[in-house]
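Presented below is the structure to which this report refers.
Remember, it's 1-based here, ligands and their atoms both numbered in the order they're listed. Note: hydrogens, waters and symmetry copies are ignored here, and every other heavy atom, side chains too, is used.
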Amino acid sequence: MIDIEFVRSRFIKHFDGKTGNVYTSPGRINLIGEHTDYNGGFVFPGAVDKGITAEIRANGTEDTVMAYAIDLKDRVDFKLSDPAGPKASWARYIYGIAKEFQKLGVDVKGFNIAFAGDVPLGAGMSSSAAMESCFACGLNDIFGENKVSPWDMVLAGQATEHNYCGVNCGIMDQFASVFGKSGCLMRLDCRSREFEYFPFKPDGYRLVLLDSVVKHQLAGSPYNDRRNSCENVVKHIQAKHPEGKFETLRDCTWEQLEEVKEEVGAEDYSRAKFVLGEKDRVLAVCDALNEGDYEKVGEMMYKTHEGLSKDYEVSCEELDFLNEIAKENEVTGSRIMGGGFGGCTINLVRNDLYNKFIADAKKRFNEKYGHEPKVYDVVIGDGSRRLC
Ligand code: GLA
């Protein structure tokens, strides 16, 4: 986590010398359940020990926000009443959360904010959700008397992505960032929003992320395209079964998918097939975790990778290569994590194989792509909170 004093020193320097309150929110991992959140399915995320830390202070103006991105050394000032909002992509997360909070009835006024992060950007660990929930946590405390519920903070983060950043994401990332708990993964039913904490201490194994350093970028069409494909299949199934209620792929069976196979076309069919399979895999992983069967968990992870790569088509050469190296090193489980199109693989690896696997992955990746993958050991941390 970023040192509070580091953020504070920049906050003091860039504004009027006064201090504010400091908040932090984490990025996330996801053990399994990818692209299932916007399909009403299950996900299995946990917060990490890396995130975004922000210092915030009301500045006494009606609606002027003065914002400083410490890592980028970029300063942007904007007015909340400006309907277009700021142009800088990082500042749009601040603007978006403030606007969504205003919609919730929070009387957000002008404020100063400086923030920094240690969650890698574009690595599929949800640095954007970490920003959203950090800013939400702060604005809730400063302007909302902490009356905005954790779920409304999650939804404000998601609405920020939808309304100001062009990504029609689900709720997994913001959920994990707000609700995370040290040492626990969470199984969330994205339809009912019920969730359970699962203490995760796999005896003899560890989780490690290998970052391909291919920047994943969800804004723009590919992520939203996947979502559209899923929604299209649901529409066709609904039309065939007017008596039923089909909101997402969660409500659809394998048989119903087969019925519309021809009419939806090969691409949408494959994508929906992945989602139905993934729904079953998350449940299988829950059972396996309850039985302490990590080999089964790993098997499901490999299946997910294959589906994300071949059917959902959100992998890339580098991630497939990392997955291949994991397989050859007899790593228990390995797959793309997060939205895809770059970023990390998540690997469940036996302690005795860890060093050999990491060394081999670094060497072979470097030989092929001219740089090593970055290695992040997963430490499951707490969700959004005020630090001081
Ligand atoms: C991104 C989105 C999430 C989720 C994942 C894929 O991280 O923000 O809502 O859809 O991709 O599982």
Is the closest basic N to carboxylate O distance between Glu247 and Arg191 below 4.0 Å?
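Judged by the 4.0 Å cut-off on N to carboxylate O distance, Glu247 and Arg191 do not form a salt bridge.
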Taking only Lys NZ, Arg NE, NH1 and NH2, and the carboxylate oxygens of Asp or Glu, determine whether Asp118 and Lys50 approach each other closer than 4.0 Å.
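Salt bridge flag = no for Lys50 with Asp118.
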Which residue and atom name correspond to the protein heavy atom nearest atom 8 (O) of ligand 1, and how close is it?
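Checked against all protein heavy atoms, atom 8 (O) of ligand 1 sits closest to Asp173 OD2, 2.7 Å.
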Counting non-hydrogen protein atoms only, what is the nearest one to atom 5 (C) of ligand 1? Give residue, atom name and distance.
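Checked against all protein heavy atoms, atom 5 (C) of ligand 1 sits closest to Met172 CE, 3.8 Å.
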Is it the case that [X] places NZ or CZ above or below the six-membered ring of [Y], under 6.0 angstrom from the centre and within 45 degrees of the axis?
| X | Y | result |
| --- | --- | --- |
| Arg250 | Phe42 | yes |
| Lys99 | Tyr164 | no |
| Arg57 | Phe15 | no |

For atom 9 (O) of ligand 1, which candidate among Asn39, Val314, Asp37, Leu308 holds the nearest heavy atom?
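Checking each option, the heavy atom nearest atom 9 (O) of ligand 1 is found in Asp37.
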Evaluating non-hydrogen atoms only, which member of Phe341, Tyr223, Tyr312 is closest to atom 2 (C) of ligand 1?
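Looking at heavy atoms only, the winner is Tyr223.
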Looking only at heavy atoms, is any part of Gln158 under 4.0 Å from ligand 1, and if so is it the side chain, the backbone, or both, or is it neither?
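For Gln158, there is no contact with ligand 1 at all, from either part.
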Just jot down the ligand 1 atoms closer than 4.0 angstrom to any heavy atom of Cys169, in number order.
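Atoms satisfying the 4.0 Å criterion: 2 (C), 8 (O), 9 (O).
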With atoms numbered from 1 as shown, which atoms in ligand 1 lie under 4.0 angstrom from a non-hydrogen atom of Tyr38?
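The atoms of ligand 1 under 4.0 Å from a heavy atom of Tyr38 are 10 (O).
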Is there a donor-acceptor pair closer than 3.5 Å between any side-chain N or O of Ser384 and the backbone N or O of Ser177?
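Side chain of Ser384 to backbone of Ser177, a donor-acceptor pair under 3.5 Å: yes, one is there.
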Quick check against the 3.5 Å criterion: does Ser9 have a side-chain atom that pairs as donor or acceptor with the backbone of Glu5?
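Judged by distance alone, yes, a pair lies under 3.5 Å.
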Before signing off on this row, confirm whether Glu34 and ligand 1 have an N or O atom pair separated by under 3.5 Å.
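The answer is yes, given that Glu34 and ligand 1 share an N or O pair closer than 3.5 Å.
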Using a 3.5 Å cut-off on N or O atoms only, is Gly170 in polar contact with ligand 1?
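Indeed, backbone or side chain, Gly170 has an N or O that close.
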Judged by non-hydrogen atoms, does Met125 sit under 4.0 Å from ligand 1?
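No, Met125 has no heavy atom closer than 4.0 Å to ligand 1.
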